[in-house]
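Heads up, the thing below is written out as structure tokens.
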Amino acid sequence: MRTKLIGLFILAAVIIAAAAYAMFTRKPEVTQINGYVGGEKIGLLEDTEITEILEKKYHLRMDYAKAGSLEMITADATGRDFLFPSNQTALEMYVKEKGEPVQSEIVLNTPIVLYTRKAVAEALTAEGIASETAGVHFVNMMKLTEYIEEGKRWADIGLSQLYGSITVGTTDPTKSNSGNMFAGLLANTLCGGVADTGNVDAVLPRLQSIFQKLGYMESSSADIFDQFLKTGMGAKPLIAGYESQLLEFAAENPDTWEQVKEDVVMLYPTPTVWSSHVFIALDEAGTVGIEAMLDEQVQKLAWEKHGFRTGLYDAPVDVEHFGVPGLAQEITQVAPMPDAAVMEKIIAALSM
């Protein structure tokens, strides 16, 4: 009898120990949240180092569909926990259309820049449109806009190998954030300051004329940048995009970047505008995404591997990290974007 009791005691102890081991070693359940994301952030969200941090530290997995910043605001959000557009205008429009979200926070920043090739940069510099200071290239937006409005051709500035008039390739401003922000930047330029409800109506016909010259426009910032790299100077001599795109490309494709870095030139508009990537939580599950994106290690990786200037890295000292010539240490010449009401007017005019 005693032997049987000892056996039962040992069995019970084993069962309890096994249950305790299972309890303490069981991995917490990972919650998946779903949302819409701008294409320029796909690389960051698919980064294995970042996804591991999200799963291990926040027990979170983010699933998404790619959408333009303005498209996602009007899209059906059923079953979505978050939106991740690329500017605050999108948030303002969301609030106007659907009310205050559960939570929102700017988690990433990058300035709007222009991308071109060495020969074009040299021609623009000779015309006084572009300039170089301490190795960083800048473009005078007022003068560039004058040349575009006057219908100057590439041949007029010594680039006879290029066809057509001087333009800036951009994404569709009625769908995509980079095109939308470039439209706001142009509106500011035409108004001689920040476009507002008192002055924007006067420049809308000029803005329409500029965009009508562009023909077909991509709907994704990632797509137009990819086309710029692949199709060469003749197809896309000058485009608008994000600073982060080139930095991410250089970090992820060092061998390819080494082959093309002497020919690709990044120009900072004077002034430029910030693209502030805001995470919009549509429900409580989505709020965990904000916390995860603001994680110190995630923010560090967002800069070092994907080129986003974050709250911790808005004035990075390690610009040599990317091996990208002409990367500005700080972004100092910045104008505010027109507010949501003005941008809605601009979008409506460019939709006609």
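This is a predicted model, so every value here is computed, not measured. All residue numbers in this chain count up from 1 along the given sequence.
Looking only at distances, a side-chain donor or acceptor of T116 sits under 3.5 Å from a matching main-chain atom of P237. Counting only distance, with no hydrogens or angles, the side chain of S104 and the backbone of F279 share no donor-acceptor pair below 3.5 Å. Panel note: side chain Q208, backbone A349; a donor-acceptor pair is recorded below 3.5 Å. A distance-only check finds no donor-acceptor pair linking the side chain of K236 to the backbone of Q227 [under 3.5 Å]. D295 places no side-chain N or O within 3.5 Å of a backbone atom of A292 that could act as its donor or acceptor partner. At distances below 3.5 Å, not a single donor-acceptor pair connects side-chain atoms of K305 with backbone N or O atoms of D47. A donor-acceptor pair under 3.5 Å is absent between the side-chain atoms of S176 and the main chain of D172, judged by distance alone. Of the possible polar contacts, one joining the Q299 side chain to the M293 backbone as a donor-acceptor pair under 3.5 Å is found. A distance-only check finds a donor-acceptor pair linking the side chain of N253 to the backbone of F249 [under 3.5 Å]. Not a single donor-acceptor pair under 3.5 Å links the side chain of S209 to the backbone N or O of P205.
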Could you walk me through whether S86 and S275 pass side chain to side chain donor-acceptor pair (under 3.5 Å), step by step?
-> CA-CA 6 Å; S86 306; S275 175; 4.9 Å; no
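A salt bridge does not link K152 to E127: none of the charged nitrogens lies less than 4.0 Å from a carboxylate oxygen.
If you chain together hydrophobic residues whose side chains sit under 4.5 Å apart, Y242 and I106 fall into the same group. Side-chain heavy atoms closer than 4.5 Å link hydrophobic residues (I, L, V, M, F, W, Y) into clusters, and following such links, even through other members, never connects L267 to I331. Note on M62: it clusters hydrophobically with I53, by side-chain heavy-atom contacts below 4.5 Å among ILVMFWY residues. The same ILVMFWY cluster, assembled from side-chain heavy atoms under 4.5 Å apart, contains both I290 and F82.
In this structure, a donor-acceptor pair under 3.5 Å is absent between the side chains of T270 and N140. Looking only at atom types and distance, the side chain of Y268 has a donor-acceptor partner in the side chain of E243 under 3.5 Å away. For S178 and T171, the side-chain atoms include at least one donor-acceptor pair closer than 3.5 Å.
Using cut-offs of 30° and 60° for the angle between ring planes, the F322 and W303 rings count as perpendicular.
Residues satisfying the side-chain hydrogen bond (donor to acceptor under 3.5 Å, both in side chains) test with E55, not counting sequence neighbours, are R61.
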